[in-house]
Amino acid sequence: MTTRSMSLVFGIVLSLAAVACNSSSAADVFQGTSASAAITKVTKIIFVGKEHACDCTRKSVDAGWAALQKVLGTPAKVPVERLQIDTQGEKVMFYRQQRPMMALPAIYFVDGKGVVLGLLQGEVSVAQIAAELGKFEGAGGFVGPC
């Protein structure tokens with residue numbers, strides 16, 4: 001092994017050691033961001049339901065919509081776009097490619113660039129929605145209806 005290649009290996013080892021000792025993740029270090037800078041604002045919520053749903057799915061979707069409305073209030077603190085998986089599948093696919101959904105309703109929390117920051121799906125409660133919104137800076141210091 002040449003001196004140059006040994007120096008390169010030594011430099012890589014030192015870099016990895018520095019990353020391991022740092023509180024930020026390795027991805028944050030290599031992307032030039034810190035964990036605190038990774039917190040992003042939710043600017044839109046995508047609520048995915050089903051237009052032609054069976055009774056069981058309709059009940060779950062309606063309950064999820066009611067919970068979301070309760071958390072957001074009137075007027076809504078964050079804009080909501082309501083999509084239907086069976087009639088607007090092409091629009092839903094943009095979000096599903098980022099975070100696959102397995103159950104309805106699906107509630108996507110999206111930033112200003114269209115990046116999915118969070119996803120809740122299936123039977124969701126007011127507390128779950130409020131907690132998910134509370135994770136993101138810029139949710140108006142949102143705590144929920146309680």
Side-chain angles (χ1 to χ4, degrees), residues 5 8-146:
S5 60
L8 180 62
V9 170
F10 184 72
I12 291 171
V13 170
L14 282 179
S15 296
L16 291 174
V19 168
C21 293
N22 192 335
S23 62
S24 296
S25 71
D28 289 339
V29 171
F30 288 116
Q31 292 176 1
T33 63
S34 68
S36 61
I39 297 174
T40 307
K41 181 179 177 181
V42 171
T43 60
K44 177 169 64 170
I45 295 174
I46 305 298
F47 182 93
V48 180
K50 189 171 186 180
E51 189 171 337
H52 306 288
C54 65
D55 290 341
C56 180
T57 300
R58 167 103 31 236
K59 183 178 176 183
S60 179
V61 168
D62 289 347
W65 180 251
L68 180 63
Q69 295 297 348
K70 186 173 183 179
V71 171
L72 295 178
T74 305
K77 293 170 180 66
V78 178
V80 179
E81 182 177 354
R82 195 165 184 178
L83 299 176
Q84 307 300 332
I85 189 75
D86 55 343
T87 58
Q88 298 174 298
E90 67 287 345
K91 290 182 179 181
V92 175
M93 187 55 66
F94 176 78
Y95 304 102
R96 286 185 87 178
Q97 287 175 338
Q98 294 180 59
R99 296 248 180 120
M101 55 176 257
M102 300 295 288
L104 292 174
I107 304 172
Y108 289 96
F109 299 85
V110 181
D111 73 4
K113 296 179 181 177
V115 175
V116 174
L117 303 173
L119 168 64
L120 294 175
Q121 56 187 323
E123 294 181 16
V124 295
S125 68
V126 167
Q128 289 173 306
I129 295 168
E132 189 69 19
L133 271 173
K135 289 180 185 178
F136 305 104
E137 181 179 86
F142 192 76
V143 180
C146 302

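Note that this is a predicted model, so its numbers are computed, not measured.
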Is any side-chain heavy atom of [Y] closer than 4.5 Å to one of [X]?
| X | Y | answer |
| --- | --- | --- |
| Tyr95 | Leu83 | yes |
| Ile85 | Arg96 | yes |
| Lys135 | Val42 | no |
| Trp65 | Pro105 | no |
| Ile45 | Leu133 | yes |

Sequence neighbours left out, cut at 3.5 Å: what donor-acceptor pairs do the side chains of residues 108-115 make with other protein atoms?
from: Tyr108; atom 1: OH; to: Arg99; atom 2: O; distance (Å): 2.9
from: Asp111; atom 1: OD1; to: Lys113; atom 2: N; distance (Å): 2.8
from: Asp111; atom 1: OD1; to: Gly114; atom 2: N; distance (Å): 3.1
from: Asp111; atom 1: OD1; to: Val115; atom 2: N; distance (Å): 2.9

Does CD in Gln98 sit with more than 12 non-hydrogen atoms of other residues, nucleotides or ligands closer than 6.0 Å?
->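 Atom CD in Gln98 is crowded, with more than 12 foreign heavy atoms closer than 6.0 Å.
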Rounded distance (nearest 0.5 Å) linking atom [atom1] of [X] with atom [atom2] of [Y]:
| X | Y | atom1 | atom2 | answer |
| --- | --- | --- | --- | --- |
| Met93 | Gln88 | CE | CD | 13.5 Å |
| Leu68 | Ile129 | CG | CD1 | 5.0 Å |
| Leu72 | Lys77 | CG | NZ | 7.0 Å |
| Lys41 | Leu117 | NZ | CG | 12.0 Å |
| Met101 | Leu120 | CE | CG | 12.5 Å |

When you measure from the side chain of [X] to the backbone N and O of [Y], does any donor-acceptor pair fall under 3.5 Å?
| X | Y | value |
| --- | --- | --- |
| Glu132 | Gln128 | no |
| Ser125 | Ala67 | no |
| Lys44 | Pro79 | no |
| Asp86 | Lys50 | no |

Audit row: Val61, Gln84, side chain to side chain contact (heavy atoms under 4.5 Å, CB included) steps and yes/no = CA-CA 11 Å; Val61 168; Gln84 307 300 332; 5.9 Å; no
Shortest non-hydrogen contact from Leu119 toward Gln121 =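 Looks like CD2-NE2, 3.9 Å.
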